[in-house]
Amino acid sequence: GQSGEWSNHGGEWTQTSSSEDSAATLTTHHGVAERLTMSINPFAYRVESPRGLGFAQAGKWFWDNYDAQVSVRPEGRGTVGLAVYVQDASNYLAFEWSATGSVKAGLERRLVAGVDGHERVIAAASGGYLPRQWYRLQVRTSPGYVEALIDGEPVFGSSTDLFGQGGIGLI
């Protein structure tokens with residue numbers, strides 16, 4: 001479905017202004033909450049997707065160099081993610097972050113390539129999030145390079161020739 005500029009694939013998404021929802025949360029299929037601010041128009045985005053991937057995308061196919069950011073407040077264990085160079089819900093690059101103990105140790109922070117619906121890890125680092133804490137996920141893109149940050153601190157960067165253009169997505 002559609003919600004403003006966002007195209008929804010997987011999960012039932014609803015959008016409100018931040019003034020309507022003071023918590024400004026976006027809940028993923030793992031019970032994880034996120035807050036998103038775009039320009040001067042903050043809003044909350046919530047998804048119900050208990051069995052499968054919740055994915056929403058926005059942007060233009062020709063975007064190539066950008067800095068995408070989302071504030072997240074995970075309510076429980078699971079995974080949050082910020083996708084870039086999104087072609088569609090099956091083809092993208094994404095910075096995914098999982099709670100401590102919810103994935104194999106050393107893979108809590110990872111840059112993945114989604115290609116035809118199958119994810120492949122490009123870079124990984126240890127360190128899961130703690131539930132009920134606010135964090136800021138950020139992904140910067142430039143030709144042939146993608147960098148992931150948490151609270152302004154670099155997690156990893158990776159050279160990749162995959163896609164090179166596309167919108168943004170929430171996982």
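All values derive from a computational prediction rather than experimental measurement.
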(message) For F163, give me all partners under ring-ring contact (aromatic ring centres under 6.0 Å, His included), at least two apart in sequence or on another chain.
(response) none
(message) Could you work out, with ring-ring contact (aromatic ring centres under 6.0 Å, His included) as the rule, every residue matching Y85, not counting sequence neighbours?
(response) none
Can you get from [X] to [Y] by hopping between Ile, Leu, Val, Met, Phe, Trp and Tyr side chains that sit under 4.5 Å apart?
{"X": "L111", "Y": "L107", "value": "no"}
{"X": "V86", "Y": "V121", "value": "no"}
{"X": "V155", "Y": "V139", "value": "yes"}
{"X": "L93", "Y": "V112", "value": "no"}
{"X": "L170", "Y": "W61", "value": "yes"}

Please round to the nearest 0.5 Å and tell me the distance separating atom [atom1] of [X] and atom [atom2] of [Y].
{"X": "Q69", "Y": "L149", "atom1": "CD", "atom2": "CG", "value": "8.5 Å"}
{"X": "F95", "Y": "R110", "atom1": "CZ", "atom2": "CZ", "value": "9.0 Å"}
{"X": "I150", "Y": "W97", "atom1": "CD1", "atom2": "CH2", "value": "4.0 Å"}

Below 4.5 Å, heavy atoms only, C-beta onward: do [X] and [Y] meet side chain to side chain?
{"X": "S90", "Y": "D116", "answer": "no"}
{"X": "L162", "Y": "I122", "answer": "yes"}
{"X": "Y135", "Y": "L130", "answer": "yes"}

(request) Identify, with sequence neighbours excluded, every residue that meets side-chain contact (heavy atoms from CB on, under 4.5 Å) alongside D64. (result) Q165
(request) Sort and list the pairs that fulfil side-chain hydrogen bond (donor to acceptor under 3.5 Å, both in side chains) and have at least one residue in residues 145-161, not counting sequence neighbours. (result) R140-E147
(message) Can you list everything that forms a side-chain hydrogen bond (donor to acceptor under 3.5 Å, both in side chains) with E108? Sequence neighbours excluded, please.
(response) none
(message) Can you list everything that forms a side-chain hydrogen bond (donor to acceptor under 3.5 Å, both in side chains) with T141? Sequence neighbours excluded, please.
(response) none
(request) Could you pull out the closest heavy-atom pair between A99 and Y129, with the gap in Å? (result) N-CE2, 3.3 Å
